[in-house]
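Worksheet: the structure to be examined is printed underneath.
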Amino acid sequence: MLVLYHHGSSVCAAKVRLALAEKNLPWEGRYIDILKGEQFAPEFRKLNPKSVVPVLVDDDRVITESTVINEYLQERFPQPSIFPADPLARTRMRVWTKAVDEALHPACAALTFITSHRHTIAKLGPEKMKEFLDSTPTISVTPTWKAQKRLFVEQGFDAPGAHEMIRLYDYYMRKMDEDLKDGPWMVGGMFTAADISLIPYVNRLDMLGLSGLWERGRLPRLDDWWQRVKARPSFMPQIIDWIPESLTNDLRTYGPQSWPEVKRIVGIAA
Ligand SMILES: N[C@@H](CCC(=O)N[C@@H](CS)C(=O)NCC(=O)O)C(=O)O
């Protein structure tokens, strides 16, 4: 039996839920509320010392890192495949899954905390919020996440590096649009792990009311890809339905308030 430790707001966990659905694999969930600090519980830390979701347990085998988990699922359950057959297309897919892990994910964590999660965390009250920030291990979402998360929560857009992270996010949206010239999917005609890796990150911007980054003709190929993604049967149940209502409300309330600032930072004319 496949057991997934996950959370509704986790982009990385969403990648794995999508892969499981696209491969028609049954799984059981263990819900870890990462905005309440459940990832810091000693039992979970035994599974992943970084205190991050997702974690996949396949019988007694523990697998961490969302991209590695999706590779494992592909190798263990090859059909239906989420990897292209052609080795060169596979390299293009992996360049994308690597970019997500190395750059887009830290940019997304920063943007989400700056625009919305800082307000959600504040609702914990000062004592619980301090405990939440203090509990992050030294090596977590990234090797510098502990200190950065605190600054993003405390200072929002004024935190050091905040603007660079937002420009980095936008850079990858533009890069997606460029690669989609060979579409309809990220590496050509087949829906692959590259699309799966990117969907939760585009959805995050959409939920935060920041879809102006690609709409109104700015990134038309990305806009079309996004419509195709939303029409897939896996989209609603694996992405949207898992996001708790209170969190959806926070993302949809606080996110759009930051659009004027985001627009200014990436240089979209008024
Ligand atoms: N490289 C890891 C990153 C996992 C990660 O950053 N998970 C986030 C949610 S997407 C998390 O659990 N964060 C907990 C925290 O910020 O304390 C992966 O791809 O699985």
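These values consider heavy atoms only, across backbone and side chains, with no hydrogens, waters or symmetry-generated copies. When a ligand or atom number is given, it counts from 1 through the structure's own listing order.
For the pair T253 (side chain) and N249 (backbone), a donor-acceptor distance under 3.5 Å is present.
Close contacts between ligand 1 and V11 involve ligand atoms 10 (S) [criterion: under 4.0 Å to a heavy atom]. Near V141, meaning under 4.0 Å from one of its heavy atoms, ligand 1 places the atoms 6 (O), 13 (N), 16 (O). Per-residue contacts place Q39 under 4.0 angstrom from the following atoms of ligand 1 (heavy atoms of the residue considered): 14 (C), 15 (C), 17 (O). Close approach of ligand 1 to H105 (heavy-atom distance below 4.0 Å) involves ligand atoms 3 (C), 5 (C), 6 (O), 10 (S). Contact atoms of ligand 1 toward P54: 20 (O) (distance under 4.0 Å to a heavy atom of the residue).
From L20, atom CG reaches atom CD of Q238 across 7.5 Å, with rounding to the nearest 0.5 Å.
Looking at ligand 1, you won't find any N or O of K15 less than 3.5 Å from one of its N or O atoms. Looking at C12 next to ligand 1, no N or O pair under 3.5 Å apart turns up. Where the criterion is an N or O separation shorter than 3.5 Å, residue side chain and backbone included, T136 fails it with respect to ligand 1.
When all heavy atoms of T115 and S258 are compared, the closest pair comes out as CG2-OG, 3.2 Å.
The protein non-hydrogen atom at the shortest distance from atom 4 (C) of ligand 1 is V53 O, 3.3 Å. In terms of protein heavy-atom proximity, atom 1 (N) of ligand 1 is nearest to E65 OE1, 2.6 Å. The nearest protein atom to atom 16 (O) of ligand 1, hydrogens excluded, is given as W145 NE1, 3.2 Å; this is a heavy-atom distance. Given atom 9 (C) of ligand 1, the protein heavy atom at minimum distance is S10 OG, 3.4 Å. Protein heavy atom at the shortest distance from atom 19 (O) of ligand 1 is S66 OG, 2.6 Å.
Less than 6.0 angstrom separates the ring centroid of F113 from the ring centroid of W145.
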Using atom types as modelled, flag every donor-acceptor pair under 3.5 Å from a side chain in residues 26-38 to any protein atom, sequence neighbours excluded.
unit_1, atom_1, unit_2, atom_2, d
E28, OE1, R30, NH1, 3.2
E28, OE1, R30, NH2, 3.2
Y31, OH, H7, NE2, 3.4
Y31, OH, G8, N, 2.9
D33, OD1, H7, NE2, 3.3
D33, OD1, L35, N, 3.0
D33, OD1, K36, N, 3.4
E38, OE1, D33, N, 2.8

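A salt bridge does not link D223 with R218: none of the charged nitrogens is closer than 4.0 Å to a carboxylate oxygen. Between R118 and E154, no side-chain nitrogen of the basic residue sits less than 4.0 Å from a carboxylate oxygen of the acidic one, so the salt-bridge criterion is not met.
Both M186 and V11 are part of a single hydrophobic cluster, where members link through side-chain heavy atoms under 4.5 Å apart.
Proximity of I34 to ligand 1 is established by a heavy-atom distance of less than 4.0 Å.
Remark: K130 engages D134 in a salt bridge (Lys or Arg N to Asp or Glu O under 4.0 Å) (not counting sequence neighbours).
If you run salt bridge (charged side-chain N to carboxylate O under 4.0 Å, His left out) between R221 and each of D177, D179, D182, only D177 comes through.
Residue-level proximity to ligand 1 for K149 is carried by the side chain, the only part with a heavy atom below 4.0 angstrom.
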